[in-house]
Amino acid sequence: MKGFDFPGCYIPADHKSGSIKTPSKLLESLFKPVPANIRVKPLKNSAKPKTPTPPPTLPTKKPLRYLATRSLLLACGLATLGNVPVYSMISSTKDGKIIHLTEPLLDSTSPAQIVKDLNLPAVAVESFSGYAVDILPDATQGNWSAHTIETDDTLESILGRLELTKTSQKLLENTTIKQALGNLKANTRLFTQVVDDSLQQLIYAKSNTDVYIVSVTDDGYIGKWETNALETRNAKIAFTVKHSIQRDGKAAGLSNSVIRQLSQVFQKDVDFKKGVKVGDKVGVIFEDFRYQGESIYTDKVLAAEYRTGKKSYQRVRFTLSDGSRTDYFRPDGDTELKRSAFDRKPLADGRMSSGFGMRRHPVFGLRKNHAGTDFAAPRGTPIYATADGSVKSIGRQGGYGNVIELSHINGITTLYGHMSAFKDDLKSGQSVKRGDVIGYVGSTGTSTGNHVHYEFRVNGEPQNPMAVELPQVGIMTAEEMRSFKSIATAMVQDLADLRKLASADQADRTQNGG
């Protein structure tokens, strides 16, 4: 039987049986030792005479040719084995039985039957808008800005303020984006990334977890709702003043916005223009918004500490529940958490035209006690209630002209005279809040010009509104106070931890020659 060809080689048939050698037999023949009866040509100068030898069973070959042929056959054999399935087997430790791994229907107790479920998703994970994540614009490029959505804000109005009107038109051509951003919720945030006067990305943060991300592509803009794509965290930075607050704060990683806020936070405690000294220490906790692992916007300072010499000042941000006031309060300043219950004057602007006490009456020319203080202002200027209270009386009253009298705490009443008009629908017995508009400046009654006559009475006795000691009231309600104390306690602990961390870092740098 003839041999057969494999690519690049020829395997002969067995010269005795005429059968083709199997791969295993072929390998055995390849690795057999060289037969002893192969004749090797002696050296020419050999002194030994040639001795006759019996005819060899294999043809005479030169050593190099022999090795080359054998190597070729070995290569062909290995190539053949590459196409032959390999059968593995293991021995059971129980009874020594040989188990072939390719055998079907293995017993569940077999050591070869090892099955482990993989925790794979039921469906393929979808990337951003069907595209690979790495196509998103680089978050570190250009400038990011943030906008708190107000009641009447629209996407067009916000982008218009950024001089991106054409961009808003392109965005709203996409019906999906128009539907998502067509009704922006008040008090939410909108972040925009602008590179070379072109909008690259827009993030509408509807809540702390749900955000709508719009990004530019070669074909326009695409958008999709994402969860937890925008991270909000409280960032903490401490530094020591070596040159100035601006320079050292910037080197520590603070934005210009946070540095400006620090000067406002400590405006009652430290003069940032003249009172800063080398060696003063600053710690600050502020809002940090991160996207794609990068800080894209830093916002409000939440708490801060300033240490100079042996003095230490701490401030914590807090907003009253009705949103009427946000301030930075001392965490231990109970006396600071009170404020005057009254304003000194009922106008936002206006000059004092006549003081309290004895004076010559401008109409009658007689010296007479002036029971209040006059503030001149143009006709129609709003008049405000100087404290919380209720309307005791409203109407026309002799020389006072159009007048309103309000009742307040501790037997105090205030009176506002010579009004040109009252606020619409204001009635006797109605409650008013400090700062509410109650009427408008005029010159009704006995008056020589547009002004408001303002009186401050305690148990019916007139007092000088500009000098009387005003009662104090709590800035916060009892519930607000509890909330503030809880926030302040946590912030003070964070500031203490930040101070320790900064001190340890400074000590480490000193030890290492930093």
Side-chain angles (χ1 to χ4, degrees), residues 117-235 253 255 257-258 286-300 302 323:
D117 293 331
L118 297 180
N119 187 20
L120 298 176
V123 296
V125 178
E126 184 181 7
S127 59
F128 179 81
S129 295
Y131 294 86
V133 173
D134 58 4
I135 71 158
L136 291 174
D138 186 354
T140 63
Q141 300 298 315
N143 296 313
W144 284 90
S145 57
H147 314 269
T148 300
I149 307 299
E150 298 180 358
T151 304
D152 298 327
D153 272 341
T154 63
L155 181 63
E156 295 94 325
S157 65
I158 295 173
L159 295 183
R161 293 196 291 269
L162 294 174
E163 299 181 355
L164 296 171
T165 303
K166 292 183 179 180
T167 299
S168 66
Q169 295 173 352
K170 291 181 181 179
L171 285 177
L172 296 179
E173 288 175 359
N174 184 312
T175 55
T176 303
I177 296 176
K178 183 177 181 179
Q179 183 178 3
L181 302 180
N183 186 20
L184 302 178
K185 185 180 177 182
N187 297 320
T188 56
R189 279 192 172 95
L190 190 74
F191 298 87
T192 55
Q193 180 192 20
V194 177
V195 180
D196 296 331
D197 299 325
S198 177
L199 181 69
Q200 296 296 298
Q201 294 188 90
L202 179 149
I203 303 175
Y204 171 49
K206 188 175 182 180
S207 66
N208 290 335
T209 56
D210 295 330
V211 298
Y212 190 78
I213 301 177
V214 176
S215 61
V216 67
T217 68
D218 293 338
D219 299 324
Y221 289 95
I222 57 174
K224 185 179 180 183
W225 286 102
E226 293 284 348
T227 303
N228 298 323
L230 183 70
E231 178 189 0
T232 305
R233 68 172 189 173
N234 292 349
S255 66
S257 172
V258 172
F286 57 94
E287 286 183 327
D288 183 30
F289 295 91
R290 301 182 70 83
Y291 172 60
Q292 295 181 13
E294 300 289 340
S295 175
I296 62 171
Y297 192 79
T298 55
D299 203 9
K300 298 184 290 289
L302 303 176

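Basis for what follows: all heavy atoms, side chains included, without hydrogens, waters or symmetry-related copies.
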> With R233, which residues qualify under side-chain hydrogen bond (donor to acceptor under 3.5 Å, both in side chains), at least two apart?
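Residues passing side-chain hydrogen bond (donor to acceptor under 3.5 Å, both in side chains) with R233: D288.
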
> Would you mind reporting whether L202 and T167 have side-chain heavy atoms less than 4.5 Å apart?
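A side-chain contact under 4.5 Å is absent here.
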
> Hey, could you give me the NZ/CG distance between K300 and N234, rounded to the nearest 0.5 Å?
10.5 Å

> Please round to the nearest 0.5 Å and tell me the distance separating atom CD of E231 and atom CZ of F289.
11.0 Å

> Is there a side-chain contact between H147 and L162 in this structure, where contact means two heavy atoms from C-beta onward sitting under 4.5 Å apart?
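Of all side-chain heavy-atom pairs linking L162 with H147, at least one is under 4.5 Å.
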
> For residues 188-198, dump all side-chain donor-acceptor pairs below 3.5 Å to protein atoms at least two apart in sequence or in another chain.
residue: T188; atom: OG1; partner: K185; partner atom: O; Å: 2.4
residue: R189; atom: NH2; partner: D299; partner atom: OD2; Å: 2.5
residue: T192; atom: OG1; partner: S145; partner atom: OG; Å: 2.8
residue: Q193; atom: OE1; partner: Q201; partner atom: NE2; Å: 2.9
residue: Q193; atom: NE2; partner: D138; partner atom: O; Å: 2.7
residue: Q193; atom: NE2; partner: Q141; partner atom: O; Å: 2.9

> State, to 0.1 Å, how close V211 and A229 come at their nearest heavy-atom pair, and which atoms those are.
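Minimum heavy-atom separation between V211 and A229: CG2-CB, 3.9 Å.
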
> Answer yes or no: is there a donor N or O on one side and an acceptor on the other, between the side chain of D153 and the main chain of E150, under 3.5 Å?
yes

> Check R290 against G293 and note the closest heavy-atom contact, atom names and distance.
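Heavy atoms of R290 and G293 come nearest at NH2-O, 2.8 Å.
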
> Which value, rounded to the nearest 0.5 Å, describes the distance between L164 atom CG and L199 atom CG?
6.0 Å

> Rounded to the nearest 0.5 Å, how far does OG1 of T227 lie from CG of D210?
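D210 atom CG to T227 atom OG1 measures 5.5 Å (nearest 0.5 Å).
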
> Please list every donor-acceptor pair under 3.5 Å in which a side-chain atom of residues 171-180 meets a protein atom from a residue at least two apart or in another chain.
residue: N174; atom: OD1; partner: T176; partner atom: N; Å: 2.9
residue: N174; atom: OD1; partner: I177; partner atom: N; Å: 3.2
residue: N174; atom: ND2; partner: Y221; partner atom: O; Å: 3.3

> Please examine the side chains of I213 and L230, heavy atoms only from C-beta on, and report whether any two atoms are closer than 4.5 Å.
no

> Taking the side chain as C-beta and beyond, is there a heavy-atom pair between W144 and I203 under 4.5 Å?
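A side-chain contact exists here, since the closest heavy-atom pair is under 4.5 Å.
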
> So L302 and F286, do their side chains get closer than 4.5 Å, heavy atoms only?
no

> Measure the spacing between CH2 of W225 and OG1 of T209 and express it to the nearest 0.5 Å.
10.0 Å

